Amino acid sequence: MAVAAAPHVPVLLDGVMEVLEPGPGKHVVDGTFGAGGYARAFLAAGAQVTAFDRDPSARRFAEGLGDRFRLVEGRFSEMDAELGEGAVDGVALDLGVSSMQLDEADRGFSFMRDGPLDMRMGADGPTAADLVNTAEPSDLSRIFWIYGEERNARRVAAAIVRRRAEQPFSRTLEFAEFVERVQGGRRGAKVHPATRVFQGLRIAVNDELAELEAGLVAAERVLKTDGRLAIVTFHSLEDRIVKAFLTLRAGRTPAGSRHLPPVEAKTAPSFQLLFNGARPPSDAETAANPRARSAKLRAAVRTAAPVWREVA
């Protein structure tokens with residue numbers, strides 16, 4: 001089988017492989033295909049792989065992956081509708097923006113490369129520029145504060161509104177430099193002053209947190225008994241949602257969380273945690289791949305209990 005080389009190293013791959021145990025006769029979902037790093041590893045281990053990616057440009061990385069591979073151009077939250085209940089042995093989710101998207105200036109994700117202020121993972125819907133240039137000040141502030149965890153959210157939002165009245169924003173570097181000035185410059189900071197603002201915009205544009213919540217429920221449905229779930233997160237918002245979901249589904253809390261809907265009482269645990277807490281990357285992996293620095297792996301195995309019923 002001819003396999004094209006992936007342009008980026010997948011984060012926490014060894015840990016994900018250890019959790020999922022892909023092999024001949026196993027059907028594994030790569031819910032965030034990207035450049036195909038996880039999918040290639042699963043295929044090399046002998047598994048059948050169904051991958052999901054809403055980014056049409058991911059298709060080019062799927063060439064030559066053979067007849068045990070299928071790419072669905074859609075959201076990973078749709079995996080249960082696509083595959084059915086109890087259909088697969090493993091699900092892997094590598095959350096956030098992919099290195100492929102960050103490295104392509106035309107996608108507008110990076111504040112280090114000049115491109116259109118876009119940030120869409122898919123091909124439709126409003127862009128980041130649309131949001132920046134039209135959203136109410138309170139909405140922008142909320143996006144930066146909640147999704148970006150930006151302490152100066154109100155000040156940045158107010159400055160954006162004043163500036164866009166004279167000249168709308170359209171380019172990534174232009175916008176990043178403006179936010180940097182509003183924040184008072186770098187002053188030796190290791191993190192770019194626009195980092196959290198860009199994060200907040202990206203999450204809002206792609207509705208990432210709602211997609212994650214729906215995707216976790218879809219994974220619960222699509223996994224067989226003893227099927228395994230591995231999730232790699234990159235920031236605290238994602239990790240809190242994953243932690244809350246797995247803790248609840250493992251029967252360790254009596255009620256719903258602020259991230260997820262309440263559920264009926266006395267429901268049998270649908271997951272068993274494979275290890276407590278989250279596993280970080282090794283020092284060696286972080287040194288070799290700086291993108292792994294903030295990554296965390298959480299994992300669980302599907303029990304024989306029915307899928308939990310969400311209630312209003």
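Along the sequence shown, the residues carry numbers beginning at 1. Please read these numbers as outputs of a predicted model, since none were measured by experiment.
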Give, for atom NZ of K243 and atom CG of L273, the distance between the pair rounded to the nearest 0.5 Å. 11.0 Å

Closest heavy-atom pair, G84 versus A87, reported as atoms and distance to 0.1 Å, is O-CB, 3.5 Å

For the backbone of S236 and the side chain of D239, can you confirm whether one donor and one acceptor N or O come within less than 3.5 Å of each other? no

Checking side chain to side chain contact (heavy atoms under 4.5 Å, CB included) for the pair V217/F245: CA distance, chi angles, key distance, verdict? CA-CA 9 Å; V217 173; F245 176 87; 4.2 Å; yes

Tell me whether W145 contacts the main-chain N or O of N152 through its side chain, where contact means a donor paired with an acceptor under 3.5 Å. no

Please determine which of L117, L201, D139 meets the side chain to side chain contact (heavy atoms under 4.5 Å, CB included) test together with L131. L201

With side chain to side chain contact (heavy atoms under 4.5 Å, CB included) as the test, would you mind laying out the steps for K26 and F42 before giving the verdict? CA-CA 9 Å; K26 296 286 187 70; F42 302 155; over 6 Å; no

Does any part of the side chain of F144, heavy atoms only, come nearer than 4.5 Å to the side chain of I160, both counted from C-beta? yes

Would R164 pass as a cation-pi partner of F178, given that its NZ or CZ must be under 6.0 Å from the six-membered ring centre and within 45 degrees of the axis? no

Worked verdict on L297 versus I231 for side chain to side chain contact (heavy atoms under 4.5 Å, CB included): CA-CA 6 Å; L297 171 65; I231 307 164; 5.8 Å; no

Starting from L274, can I reach V232 by hopping between I/L/V/M/F/W/Y residues whose side chains sit under 4.5 Å apart? yes

Residue pair Q199 / I203, side-chain heavy-atom distance below 4.5 Å: yes

Is it true that N206 and E211 share a donor-acceptor pair across their side chains at a distance under 3.5 Å? no

Could you go step by step and tell me if R240 and E149 meet the salt bridge (charged side-chain N to carboxylate O under 4.0 Å, His left out) rule? CA-CA 13 Å; R240 283 199 293 268; E149 300 178 297; 3.5 Å; yes

Could you walk me through whether R142 and E136 pass the salt bridge (charged side-chain N to carboxylate O under 4.0 Å, His left out) check? CA-CA 10 Å; R142 179 182 57 82; E136 293 294 326; over 6 Å; no

What are the two closest non-hydrogen atoms of A92 and L20, and how far apart are they? CB-CD1, 3.7 Å

side-chain hydrogen bond (donor to acceptor under 3.5 Å, both in side chains) partners for Q272, two or more places apart: none

Between V11 and A295, which heavy-atom pair has the shortest distance, and what is it? CG1-CB, 3.5 Å

Can you tell if the side chain of V307 reaches within under 4.5 Å of the side chain of R302, non-hydrogen atoms only? yes

Hey, are H27 and T50 close enough side-chain-wise for a donor-acceptor pair under 3.5 Å? yes

Do you reckon V161 sits in the same ILVMFWY cluster as V132, going by side-chain contacts under 4.5 Å, direct or chained? yes

Using 0.5 Å steps for rounding, measure from the CZ atom of R221 to the CD atom of E85. 7.5 Å

Between R75 and G215 (side chain of the first, backbone of the second, donor and acceptor by atom type, cut-off under 3.5 Å), is there such a pair? no

Side chain to side chain contact (heavy atoms under 4.5 Å, CB included) evaluation trace for E208 with Y147: CA-CA 10 Å; E208 291 179 36; Y147 296 157; over 6 Å; no

Heavy-atom check, side chain of L65 versus side chain of V49, under 4.5 Å: no

Going from CG on L12 to OG on S282, what distance comes out if it is rounded to the nearest 0.5 angstrom? 8.0 Å

Atom OG1 in T286, atom CZ in R291: separation rounded to 0.5 Å? 12.5 Å

Would you check if E82 and M79 make a side-chain contact, meaning some heavy-atom pair closer than 4.5 Å? no

Tightest non-hydrogen contact, residues M17 and A45, listed as CE-CB, 4.1 Å

Could you give the distance from CG (L246) to CG (L216), rounded to the nearest 0.5 Å? 7.0 Å

Do V91 and V28 come close enough that some side-chain heavy atom pair is under 4.5 Å? no

Examine distances only and state if a side-chain atom of D53 and a backbone atom of A58 form a donor-acceptor pair shorter than 3.5 Å. no

Strictly distance-based, threshold 3.5 Å: is any side-chain N or O of S141 a donor or acceptor partner for the main-chain N or O of P137? no

Of F52, F69, F76, F61, which is the lone residue that meets ring pair (Phe, Tyr, Trp, His ring centres under 6.0 Å) with F33? F69

Is there a path of hydrophobic side-chain contacts, each under 4.5 Å between heavy atoms of I/L/V/M/F/W/Y residues, joining L209 to M119? yes

Gap separating the NE2 atom of H192 from the CD atom of Q183, nearest 0.5 angstrom: 10.0 Å

Shared hydrophobic cluster, V72 / L223 (ILVMFWY, side-chain heavy atoms < 4.5 Å): yes

Closest heavy-atom pair and its distance - P269, T303: O-OG1, 2.6 Å

Expected output: side-chain N133 to main-chain F169 donor-acceptor under 3.5 Å: yes

Which heavy-atom pair separates E238 from F234 by the least distance, and what is that distance? OE1-N, 2.7 Å

Sub-4.5 Å side-chain heavy-atom contact between E150 and V179: no

Contact between L229 and E220 at the side-chain level, heavy atoms closer than 4.5 Å - yes or no? no

Taking T172 for the side chain and R113 for the main chain, is one N or O donor matched with an acceptor at less than 3.5 Å? yes

When you measure from the side chain of R163 to the backbone N and O of Q167, does any donor-acceptor pair fall under 3.5 Å? yes

Sub-3.5 Å donor-acceptor pair from the side chain of R228 to the main-chain atoms of V19, do we have one? yes

